[in-house]
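Here, residue 1 is the first one in the sequence, and each next residue gets the next number.
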Amino acid sequence: MELIISKPRIQTLIAQTVLRKFHCESMASEFEAECLTISHKPRLAYRWDDMLKESQALQLMLGLLERQERKGVAAR
(Lines give C-alpha, C1' and ligand atoms only; values in the text may rest on other atoms or scores of the structure.)
Protein backbone atom coordinates (compact mmCIF):
# COMPACT_ATOMS: atom_id res chain seq x y z
CA MET A 1 0.00 0.00 0.00
CA GLU A 2 2.81 2.41 0.89
CA LEU A 3 4.42 1.90 -2.53
CA ILE A 4 1.13 2.77 -4.24
CA ILE A 5 0.98 6.05 -2.34
CA SER A 6 4.63 6.95 -2.94
CA LYS A 7 4.44 6.93 -6.76
CA PRO A 8 1.85 9.74 -6.99
CA ARG A 9 3.71 11.61 -4.25
CA ILE A 10 6.96 11.34 -6.24
CA GLN A 11 5.21 12.57 -9.39
CA THR A 12 3.75 15.49 -7.44
CA LEU A 13 7.17 16.41 -6.03
CA ILE A 14 8.71 16.26 -9.51
CA ALA A 15 6.01 18.60 -10.83
CA GLN A 16 6.46 20.98 -7.89
CA THR A 17 10.24 20.99 -8.38
CA VAL A 18 9.90 21.77 -12.09
CA LEU A 19 7.41 24.54 -11.31
CA ARG A 20 9.79 26.07 -8.74
CA LYS A 21 12.63 25.90 -11.28
CA PHE A 22 10.60 27.84 -13.86
CA HIS A 23 9.50 30.31 -11.20
CA CYS A 24 13.14 30.89 -10.14
CA GLU A 25 14.16 31.42 -13.76
CA SER A 26 11.34 33.93 -14.16
CA MET A 27 12.45 35.79 -11.03
CA ALA A 28 16.04 35.82 -12.28
CA SER A 29 14.91 37.43 -15.53
CA GLU A 30 12.75 39.90 -13.65
CA PHE A 31 15.65 40.77 -11.35
CA GLU A 32 17.83 41.62 -14.34
CA ALA A 33 15.14 43.80 -15.96
CA GLU A 34 16.12 47.43 -16.32
CA CYS A 35 12.62 48.65 -15.45
CA LEU A 36 12.80 47.11 -11.97
CA THR A 37 12.96 49.78 -9.29
CA ILE A 38 15.59 49.82 -6.58
CA SER A 39 12.94 49.39 -3.88
CA HIS A 40 11.49 46.33 -5.63
CA LYS A 41 14.81 44.47 -6.02
CA PRO A 42 15.26 43.52 -2.33
CA ARG A 43 11.69 42.18 -2.11
CA LEU A 44 12.20 40.15 -5.26
CA ALA A 45 15.55 38.87 -3.97
CA TYR A 46 13.91 37.63 -0.74
CA ARG A 47 11.12 35.91 -2.69
CA TRP A 48 13.69 34.39 -5.04
CA ASP A 49 15.74 33.13 -2.09
CA ASP A 50 12.64 31.60 -0.48
CA MET A 51 11.75 29.90 -3.76
CA LEU A 52 15.26 28.47 -4.08
CA LYS A 53 15.06 27.11 -0.52
CA GLU A 54 11.67 25.55 -1.23
CA SER A 55 13.08 23.99 -4.39
CA GLN A 56 16.03 22.52 -2.50
CA ALA A 57 13.71 21.10 0.19
CA LEU A 58 11.49 19.52 -2.48
CA GLN A 59 14.51 18.01 -4.22
CA LEU A 60 15.68 16.55 -0.91
CA MET A 61 12.25 15.05 -0.21
CA LEU A 62 12.11 13.71 -3.75
CA GLY A 63 15.50 12.05 -3.41
CA LEU A 64 14.51 10.45 -0.12
CA LEU A 65 11.23 9.10 -1.51
CA GLU A 66 12.92 7.78 -4.65
CA ARG A 67 15.54 5.97 -2.56
CA GLN A 68 12.83 4.59 -0.31
CA GLU A 69 10.89 3.36 -3.33
CA ARG A 70 13.98 1.71 -4.86
CA LYS A 71 14.66 -0.08 -1.58
CA GLY A 72 11.01 -1.17 -1.41
CA VAL A 73 11.11 -2.53 -4.96
CA ALA A 74 14.41 -4.29 -4.31
CA ALA A 75 13.05 -5.88 -1.12
CA ARG A 76 10.22 -7.60 -2.99
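- Cluster membership for L60 and L62, using ILVMFWY side-chain heavy atoms within less than 4.5 angstrom, is not shared.
- Two different hydrophobic clusters hold L52 and L58 under the rule that ILVMFWY side chains link at heavy-atom gaps under 4.5 Å.
- Cluster membership check: W48 shares its hydrophobic cluster with L36, using side-chain heavy-atom separations under 4.5 Å among Ile, Leu, Val, Met, Phe, Trp and Tyr.
- Expressed to the nearest 0.5 Å, how far CG of D50 lies from SG of C24 amounts to 10.0 Å.
- A donor-acceptor pair is defined here as one N or O able to donate and one able to accept, closer than 3.5 Å; no such pair exists between the side chain of S55 and the backbone of M51.
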>> Could you go through R9 and M61, starting from their C-alpha distance and side-chain angles, then the distance that decides it, and tell me whether this counts as side-chain contact (heavy atoms from CB on, under 4.5 Å)?
In response: CA-CA 10 Å; R9 180 69 178 144; M61 288 173 35; 3.2 Å; yes
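- Side-chain atoms of T17 come within 3.5 Å of backbone atoms of L13 as a donor-acceptor pair (strictly under, hydrogens ignored).
- Rounding to the nearest 0.5 Å places CG of L44 at 10.0 Å from CD of E32.
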> Does the pair S29 and E25 meet the rule for a side-chain contact (heavy atoms from CB on, under 4.5 Å), with working shown?
Replying inline: CA-CA 6 Å; S29 296; E25 289 172 359; 5.7 Å; no
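- Across all non-hydrogen atoms, the minimal contact from R47 to M27 is C-SD, 3.8 Å.
- In this structure, E30 and H40 have side chains that are in contact, with non-hydrogen atoms separated by less than 4.5 Å.
- I10 and L64 are not part of a single hydrophobic cluster, where members link through side-chain heavy atoms under 4.5 Å apart.
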